[in-house]
Novice: 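Before I ask anything, here is the structure I am working with.
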Amino acid sequence: MTTTPPHVGWAEADARRIHRQFLDEPAGTTPAEVTAAMLGAHAQVLSAAELSVALRAAKATRADVRSALREERTLIKTYGPRGTVHLLPAADLPLWTGALSAIPAGTSPMPADVRMTAAQTDEVVAAIADALTGAELTVDELTDAIVARTGPWAGDRVMDAFQDKWPRWRQVTHTAAHRGVLCFGADRGRKVTYTNPGVRPAEGTAALGELVERYLHAYGPATPKHFAKWLAAPGGWAGELFAALAGEGRIEEVCFEGDPAWVVAGDTEFPDGPARGVRLLPYFDAFTIASQPRERLFPGEAYGRALAGGQAGNFPVLLVDGTVAGVWHQRRSGRRIAVTVEPLPSAERPVAARLGELTEQAERVGAVLEGTAELTVGPVAVGPHA
């Protein structure tokens, strides 16, 4: 006997993702719980991460997110998916480190004379763990500590970086984070520091299985290719991982927009209608980065206007009924926050008809940033970190 996998359309999948991301209705919960639902908040630009998280938590401000990170320690700033800086829930750090450290490492992009061997990597990671235990060190201080424990080769300034040369060991910074021995400490003036979070990574196979289930819960239906892109992991490896989980009955196949995709086993209920609402999402918001297929989230002219060469996250976006309908920008002067929103030409009339919702969103952005927003609808010059 054969069965036909349930069919899921874009509108239903998008609406469920919106709901599970707390983008339809902010959650009455903590920044850490919101960040867990997002599967991490991209924090290369920390202010954008603060806005991403606080917008999803009812009445929260950036101060609440900062408190969770710096005082309560329920959030950790570290290297997460794709080796990029993220805020992750402290309670989930064993899961994340177990899963991320179990992803097969690709070929190093470094020149042959710059690369580190596996043995050298292990030696440096052990030195980092030792040096950062009970300490918060700047990059220069950590470099000295590593060299003292390994040898001068680790400190050789051979890595090209921002018109400068970095010491050799820095190519494995994210590796040390993924193995649970490095995360960001408190800033020391304008300098960042690192510390050892003292985390024991969960067993890799189990952690990866749970991460797939969490990913599919938040962003499913999805394919192994989508999962691999989100993690910057090998596609073939992701396919084998999904096949193994399917064989264990932990995930099941559905027909998503006419093609096979996966959800957590039994998680086949979806909203009856499309997403509704107007939202302003900041740089590198988790929803815009992880939702696939990207051409459905960024339809038509949105694909060219709101993506940077196909890379999601580089532009703040206007979301209307679950799809990208424009870009926006905010500029602060004291407590005044000028919010400028540029709808795409095809969305100008729908946005004009919902100016009240857009005004509420701008006011919410202002409240999160602890200021007063003033909304303008018109052209904006949006670029990375503008």
Novice: Any carboxylate oxygen within less than 4.0 angstrom of a Lys/Arg side-chain nitrogen, looking at R16 and D267?
Specialist: yes
Novice: Output every pair passing salt bridge (Lys or Arg N to Asp or Glu O under 4.0 Å) with a member in residues 22-31, not counting sequence neighbours, ordered by first then second residue.
Specialist: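 Of all non-adjacent pairs touching residues 22-31, none passes salt bridge (Lys or Arg N to Asp or Glu O under 4.0 Å).
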Novice: Sequence neighbours left out, what pairs pass ring pair (Phe, Tyr, Trp, His ring centres under 6.0 Å) with at least one residue falling in residues 38-85?
Specialist: H42-H86, H42-F284, Y79-F184
Novice: How long is the straight-line distance from CG of D122 back to OG1 of T175, given to the nearest 0.5 Å?
Specialist: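 So the gap between those two atoms works out to 10.0 Å.
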Novice: Treating R332 as the side-chain partner and G334 as the backbone partner, does any N or O pair qualify as donor plus acceptor under 3.5 Å?
Specialist: yes
Novice: Under 3.5 Å, is there a donor-acceptor pair between the side chain of E357 and the main chain of G277?
Specialist: no
Novice: Donor-acceptor check, side chain of T97 to backbone of R179, threshold 3.5 angstrom: yes or no?
Specialist: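 Pair absent, no side-chain N/O of T97 close to backbone of R179.
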Novice: With the threshold set at 4.0 Å, does a side-chain nitrogen-carboxylate oxygen contact exist between E141 and R188?
Specialist: yes
Novice: Could you state whether W10 and L23 fall into the same hydrophobic cluster, counting links through intermediate Ile, Leu, Val, Met, Phe, Trp or Tyr residues with side-chain heavy atoms under 4.5 angstrom apart?
Specialist: yes
Novice: Taking salt bridge (Lys or Arg N to Asp or Glu O under 4.0 Å) as the cut-off, I'd like each qualifying pair that reaches into residues 218-246, sequence neighbours left out, listed once.
Specialist: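 Counting only pairs at least two positions apart or across chains, no salt bridge (Lys or Arg N to Asp or Glu O under 4.0 Å) contact touches residues 218-246.
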Novice: With E203, which residues qualify under salt bridge (charged side-chain N to carboxylate O under 4.0 Å, His left out), at least two apart?
Specialist: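 Salt bridge (charged side-chain N to carboxylate O under 4.0 Å, His left out) check on E203 returns nothing, list empty.
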Novice: Is E210 salt-bridged to R214, cutoff N-O under 4.0 Å?
Specialist: yes
Novice: If the condition is side chain to side chain contact (heavy atoms under 4.5 Å, CB included), which residues does A15 pass it with, not counting sequence neighbours?
Specialist: P271, A275
Novice: Hydrophobic clusters here meaning ILVMFWY residues chained together by side-chain heavy-atom distances under 4.5 Å, can you tell me if W153 and I128 are in one?
Specialist: yes
Novice: Starting from F22, walk the hydrophobic network (Ile, Leu, Val, Met, Phe, Trp, Tyr; side-chain heavy atoms closer than 4.5 Å) and list everyone else you reach, by chain and number.
Specialist: V34, M38, L46, V53, V65, L69, L75, L87
Novice: Do D14 and R296 sit within salt-bridge range, that is, some charged N less than 4.0 Å from a carboxylate O?
Specialist: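 No.
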Novice: So, for G249 and A265, which heavy atoms are closest and what is the spacing to 0.1 Å?
Specialist: O-CB, 3.3 Å
Novice: With a 4.5 Å heavy-atom cut-off, do R279 and L55 have their side chains touching?
Specialist: no
Novice: Using the test ring-ring contact (aromatic ring centres under 6.0 Å, His included), find all partners of Y219 that sit at least two apart in sequence or belong to another chain.
Specialist: Y215
Novice: Can you tell me how the ring of H174 sits relative to the ring of H178, calling it parallel under 30°, perpendicular over 60° and tilted otherwise?
Specialist: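 Judged by the thresholds at 30° and 60°, the geometry between H174 and H178 is perpendicular.
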Novice: What pairs of residues pass the salt bridge (Lys or Arg N to Asp or Glu O under 4.0 Å) test when at least one of them lies in residues 162-175, not counting sequence neighbours?
Specialist: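 Counting only pairs at least two positions apart or across chains, the salt bridge (Lys or Arg N to Asp or Glu O under 4.0 Å) contacts touching residues 162-175 are D156-R168, R157-D164, D160-K165.
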Novice: Would the distance check show the side chain of R305 and the main-chain N or O of G326 forming a donor-acceptor pair, the cut-off being under 3.5 Å?
Specialist: no
Novice: So, using salt bridge (charged side-chain N to carboxylate O under 4.0 Å, His left out) as the criterion, who are the partners of D321 when residues are at least two apart?
Specialist: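 Residues passing salt bridge (charged side-chain N to carboxylate O under 4.0 Å, His left out) with D321: R276, R354.
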Novice: Do L297 and L307 land in one hydrophobic cluster if side-chain heavy atoms of ILVMFWY residues count as linked below 4.5 Å?
Specialist: yes
Novice: When clusters are formed from ILVMFWY side-chain contacts under 4.5 Å, directly or step by step, what else is grouped with L344?
Specialist: none
Novice: Got a donor-acceptor contact below 3.5 angstrom from the T193 side chain to the A186 backbone?
Specialist: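 Side chain of T193 to backbone of A186: a pair is present.
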Novice: Any donor-acceptor pair under 3.5 Å linking the side chain of T359 with the backbone of L355?
Specialist: yes
Novice: Under a 3.5 Å distance rule, please check whether R149 uses its side chain to pair with a backbone N or O of V124 as donor and acceptor.
Specialist: no
Novice: CZ of F242 to NE2 of H226: how many Å apart, nearest 0.5 Å?
Specialist: 10.0 Å
Novice: Give the C-alpha distance, both sets of side-chain angles, the deciding distance and a yes or no for salt bridge (charged side-chain N to carboxylate O under 4.0 Å, His left out) between D187 and R70.
Specialist: CA-CA 10 Å; D187 289 346; R70 299 171 182 171; 5.2 Å; no
Novice: Could you work out, with salt bridge (charged side-chain N to carboxylate O under 4.0 Å, His left out) as the rule, every residue matching R115, not counting sequence neighbours?
Specialist: none
Novice: Applying salt bridge (Lys or Arg N to Asp or Glu O under 4.0 Å) as the test, list every pair that has at least one member in residues 365-375; sequence neighbours left out.
Specialist: R62-E370, R336-E374
Novice: Given 3.5 Å as the limit, does a donor-acceptor pair link the side chain of E301 with the main chain of S346, or not?
Specialist: yes
